[in-house]
Asker: 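Here it is: the structure, laid out below.
This is a predicted model, so every value here is computed, not measured. Chain naming here is simple, since letters A, B, ... match the order of the sequence lines and numbering starts at 1 in each.
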There are 2 protein chains.
Amino acid sequence: MPNKKKIAESAISRLSVYLRILEDTVAAGESTVSSQAMASQSGTTAAQVRKDLSLFGSFGRRGLGYSPSDLVSRIRRILGLHRRWKIAVIGLGRVGSALVEHRGFFDRGFDIVALFDTSEFKVGSNLHGLQVHHIDEISRVVHDKKIEVAVLTVPVEAVPDIIDLIRDSGIKGVLNWTPARLTLPDTIEVKNVNMVMELEALSFKLSQRE
Amino acid sequence: MPNKKKIAESAISRLSVYLRILEDTVAAGESTVSSQAMASQSGTTAAQVRKDLSLFGSFGRRGLGYSPSDLVSRIRRILGLHRRWKIAVIGLGRVGSALVEHRGFFDRGFDIVALFDTSEFKVGSNLHGLQVHHIDEISRVVHDKKIEVAVLTVPVEAVPDIIDLIRDSGIKGVLNWTPARLTLPDTIEVKNVNMVMELEALSFKLSQRE
DNA sequence: CTAGTATTGTGAAGTATTTCACAAGTAAAT
DNA sequence: ATTTACTTGTGAAATACTTCACAATACTAG
């Protein structure tokens, strides 16, 4: 696997999109797919598709196109989706609870295997078949269950109190739903999901055209 | 306001970040702030901060820095946040319902004023003080309530059935939570929020370092 | 076997975005 | 008044990303 190169973030999200398209193509029983077909379904250009794929190898055949099923497994491997990931959800407010019960993660290789909160009310209770742990137990549970990724859905005020616990827990990546900017060592990958920022971007675009 | 220029998407999300930082700065009672201070709090460079701001005007004073409160109102206006936005939520499953009850939107200028679903169960019921309408009523309600933005949290299978209704409803922008790529005229702005894609990006990064 | 059509992989060219670097402005200290 | 320490705004340079364009390859038809 030709690693070490610096791959643009944008290329990675396009690969995610291609993956979905290719899964549909496989399901439709097609035996080949062209970069042009992938491009029109994903809203980019054929050259972009080929360039993105060429970052990781040459997977097609000139004159013929690509094999959808081969490409699915190549991209899965590239994205690290040839295995399942164990996820913890930290913060079981409305959003956190909604995520726990959402099948979409399981269906795409992400298993929610542990829940954390601080509320006396919630700790010890059960949600979707999982026991809620106190956040203080995170190191032990992460170690025991070999958890690698945490989804952080606590109220922003709670972040300072728990960020140290996360840092020392053994967690390797965080999907941060809070508007706080997490200060974590760069051995821990952080991705931010911020609804309000997306709405603000929408607000900007709508305002642009008087 | 110097419009017409093409502004990078990335610049806009940084402005959102600066806005939060500046609100904190104002709350802390600071009377000036430097591009360097903003940069270190937002994880970028001072030059980037100045360049981003200079896309819209010159708001600082050489030798002194910027006035946080002035900058807050400048950025609010740039992002179109000097007014409130009326939002509809389409699809009241777990995620949609969680969003409706989330105060974070209201606090930042976004008012959820209408709800839509298709389920016999839900239509007619009340959620967080709002009546749930059938999606067939969207045009009327959007018009009556002057709604501009829709948050789409339906199951992906439901998208084909309702996309035409959205297109013709008068909605100006859509925040799309489904993994579907929406085919809408480019008079309607679309922003996509996709948890699974973010997790896949995390998976990629974690896999990179064997 | 040749011509015609399709399609990849990839350097090179073209754009876009970020970073550099410095003139110009401000204030405080001496 | 002059020096020193800061700091913005912005062209120019550097870097990053996307698109172009074409040789190389594959297949089909005649």
Asker: Would you mind telling me which residue lines up with the more 5' stretch of DNA chain D, A/R62 or A/T45, judged by nearest nucleotide?
Answerer: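 By nearest-heavy-atom nucleotide position, the 5'-most residue is A/T45.
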
Asker: Check whether more than 12 heavy atoms from other residues, nucleotides or ligands sit under 6.0 Å from atom NE2 of B/H82, and answer yes or no.
Answerer: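 For B/H82, atom NE2 is crowded (more than 12 foreign heavy atoms under 6.0 Å).
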
Asker: Between A/Q48 and A/R61, which is nearer to the 5' end of DNA chain D once each is assigned its nearest nucleotide?
Answerer: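 Comparing both residues, the 5'-ward one is A/Q48.
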
Asker: Answer yes if the side chains of B/D52 and B/Q48 hold a donor-acceptor pair under 3.5 Å, and no otherwise.
Answerer: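 Per modelled atom types, B/D52 and B/Q48 side chains form a pair under 3.5 Å.
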
Asker: Which two nucleotides bound the region of DNA chain D that has atoms under 4.0 Å from heavy atoms of chain B, read 5' to 3'?
Answerer: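 The protein-touched segment is D/dC6 to D/dA12.
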
Asker: Taking the side chain of A/Y66 as its heavy atoms from C-beta onward, which of C/dA23, C/dA12, C/dT8 lies nearest to it?
Answerer: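 Of the candidates, C/dT8 comes closest.
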
Asker: Any sub-3.5 Å donor-acceptor pair from A/R167's side-chain atoms to A/T183's backbone N or O?
Answerer: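 Present.
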
Asker: Would you kindly give the NZ-to-P distance between A/K51 and C/dG11, to the nearest whole Å?
Answerer: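 From A/K51 NZ to C/dG11 P: 7 Å.
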
Asker: List the steps and the verdict of side-chain contact (heavy atoms from CB on, under 4.5 Å) for A/M197 and B/V17.
Answerer: CA-CA 8 Å; A/M197 271 177 55; B/V17 173; 4.0 Å; yes

Asker: Looking at B/K145 and B/V113, would you say the former's side chain and the latter's main chain have a donor-acceptor pair under 3.5 Å?
Answerer: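 Yes; at least one donor-acceptor contact below 3.5 Å.
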
Asker: Can you check whether A/S35 has a side-chain N or O nearer than 4.0 Å to OP1 or OP2 of C/dT8?
Answerer: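 A/S35 to C/dT8 OP1/OP2: side-chain N or O found under 4.0 Å.
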
Asker: CZ of B/R50 versus P of C/dA23: gap in Å, rounded?
Answerer: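 These atoms are roughly 15 Å apart.
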
Asker: Sort out for me which residue in A/V193, A/V190, A/L184 forms a side-chain contact (heavy atoms from CB on, under 4.5 Å) with A/N176.
Answerer: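 Exactly one pass, corresponding to A/V190.
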
Asker: To the nearest angstrom, how far is B/L55 atom CG from C/dT18 atom C1'?
Answerer: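 In whole Å, C/dT18 C1' and B/L55 CG are 12 Å from each other.
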
